[in-house]
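These numbers were taken from a predicted model, which means no experiment stands behind them.
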2 protein chains.
Amino acid sequence: MSSKTKQKKMADYITTTTDNSKKRARNNDGDDSESKKPKSTQVDLNKINFDCERKSAKGLTWNLKIVSWNVAGLRAWLKKDVVEYLKKENPDIICLQEIKCTEKQMPDEAKLSGYKIYINSGDKAGYSGVALYSKTIPISVRMGKEIKELDDTEGRVIEAEYEKFFLVSTYIPNAGAGLKTLPKRMKWDEEFRKYLKELDTKKPVVLTGDLNVAHEEIDIANPKTNTKSAGFTKEERDNMSLLLEQGFIDTFRILNPEKTGAYTFWTYFHNSRAKNVGWRLDYFISSKRFMDNVCDSTIRNEVLGSDHCPIVFYINV
Amino acid sequence: MSSKTKQKKMADYITTTTDNSKKRARNNDGDDSESKKPKSTQVDLNKINFDCERKSAKGLTWNLKIVSWNVAGLRAWLKKDVVEYLKKENPDIICLQEIKCTEKQMPDEAKLSGYKIYINSGDKAGYSGVALYSKTIPISVRMGKEIKELDDTEGRVIEAEYEKFFLVSTYIPNAGAGLKTLPKRMKWDEEFRKYLKELDTKKPVVLTGDLNVAHEEIDIANPKTNTKSAGFTKEERDNMSLLLEQGFIDTFRILNPEKTGAYTFWTYFHNSRAKNVGWRLDYFISSKRFMDNVCDSTIRNEVLGSDHCPIVFYINV
DNA sequence: CATGTTAAG
DNA sequence: CTTAGCATG
């Protein structure tokens, strides 16, 4: 049974695509002859296998696909043929982090038809912000600011309840240059850990997003020179360990225990991406008891659009 | 006698071109295959007549050419084939306004060989700033901050003394959105007028640059709708009249009394330049008694590079 | 609409 | 290096 047929039956019955298409009725005296083609900033998408051969522990084929992507500014990201990619990937749920815009600022091209869209954009303009796209309407949705355990004024968390699991998409605070916001991060990690522990008592949890930490040495290209860098301090790594000790699994790593060079982020400096000098900062973390539903957890390292790449989670529910 | 021969004998005996060429020795693993050609942003320069047929009142041909240009950010301006234009224009003196950079920030491409370069960059980073390029070394040069009559902390004035005249290049303060800096502008105009009056007692003065005022209705495309706009208020226009009443001449206008549609600035909005919805804000103003030396005062409205175009002054000295 | 900041990553 | 903000024009 192909994924296409599976996905077809879930899609297209709901849309939030507004049609007040912000037509730029501007004072333009017919002088737009220059047709600036932005020249494809995307790789050849035909080389990508969007399906997944792996089965769940119970031998079942996936029937739900989740994509997570730190877009580092949704408006700039949209200009890089990312919608074409998303259409081919065709996930049931899309989690975006660092959208850096409000719902009002969101261009129409971002309002993918077939998805219900939830946005938590936070207070500071142009900073942080997360979005969740879902083909099916979740049982319930909570923004970070509605979650009592969290102090989320910056648009860092969206929680969506589905029949078999909670999905939590997050953009965890960066510890900052010179680690100047490491204390804020430590506080966040603690609160977030408690929140997930509590949530996990109700129903299995799938946590995804930019956790802003490379957990182990295998998860970063230059472990030795980055022990004082935001995202690879002992403090942040230990907090990730604490989270996992609460009964959560790093799904990519458990499926690929020895795989090196598997990163989801490369700084824009020094051609890092071309050299694969990267970090694995984006994860699908699953409640241990939900692992039987997991088919695969993969990294789309070819796909361009921001300094992070998308990651893909295939499950059977 | 061609201007080329004339200019040859003045040129090339002085240069400030430093050769510590800021070579970007960067961590670049041979991945710069993309050779991004910026595609010509300039018009066809061969269509321009860089010479001037007009003679001075005494029947003499020009032997000194001055160009003035508000570049609206020298670093961005440099990317628009402007050096190619300047080489073909080949002026003896170049006055630039709104360079928005310091001497240290100035790219090497801006250090045109054959010219001595003087820079007044002011305090605020990326704001205002003027430069003067001269093939011959002036008798003396004063920056605005060295002129006692002026309070020039923003990099708005360079004064150069030549044998027969003073050249003053200026970028006059904009009255601002909602005219919120009109008081500052009024104060500046008064001080500047006094300064020029004093200077004019010593030697004839040529004032050039962005005076940030369209003097008369003929100097602006939409006089009726701009009476409350910075650059066309009664206050600013009256101050320009006061300056002229002190014994100065608007050289372009005296040579072209009825010429309409002659502008040196077009806002970037609404395709103004393509529609020639512009303002004449850039001038060559001459002491009345120096008018006998003036051959022509022209506008290079075809030449691209900023929201202003260059203006050219041909004199015999 | 364009330029050069700034803060943040 | 890149995004988005802002102030200024």
If only side-chain N and O atoms of A:Lys80 are considered, is one of them under 4.0 Å from the OP1 or OP2 phosphate oxygen of D:dT3? yes
Using a strict threshold of under 4.0 Å (side-chain N to carboxylate O), is an ion pair present between [Y] and [X]?
X: B:Asp250; Y: B:Arg280; value: yes
X: A:Asp189; Y: A:Arg193; value: no
X: B:Glu89; Y: B:Arg300; value: yes

Is a side-chain N or O of B:Thr264 found less than 3.5 angstrom from the main chain of B:Tyr283, in a donor-acceptor match?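 Between the backbone of B:Tyr283 and the side chain of B:Thr264 there is no qualifying donor-acceptor contact (under 3.5 Å).
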Test item: B:Thr233 side-chain N/O and B:Glu236 main-chain N/O as donor-acceptor pair under 3.5 Å: yes
Please tabulate, for the side chains in residues 118-125 of chain B, all donor-acceptor contacts under 3.5 angstrom to protein atoms that are two or more places apart in sequence or on a different chain.
residue  : atom : partner  : partner atom : Å
B:Asn120 : OD1  : B:Lys145 : NZ           : 3.3
B:Asn120 : ND2  : B:Asp152 : OD2          : 3.1
B:Asn120 : ND2  : B:Val157 : O            : 2.9

Using atom [atom1] of [X] as one end and atom [atom2] of [N] as the other, report the distance to the nearest whole Å.
X: B:Ile99; N: D:dG9; atom1: CD1; atom2: C1'; result: 16 Å
X: B:Asp282; N: D:dG9; atom1: CG; atom2: P; result: 15 Å
X: B:Arg273; N: D:dG9; atom1: CZ; atom2: C1'; result: 16 Å
X: A:Asn271; N: D:dT2; atom1: CG; atom2: C1'; result: 14 Å
X: B:Gln105; N: C:dT3; atom1: CD; atom2: P; result: 16 Å
X: A:Leu96; N: D:dT3; atom1: CG; atom2: P; result: 16 Å

Mind listing the N/O atom pairs, protein and nucleotides 7-9 of chain C, below 3.5 Å?
residue : atom : partner  : partner atom : Å
C:dG9   : OP1  : A:Tyr127 : OH           : 2.6

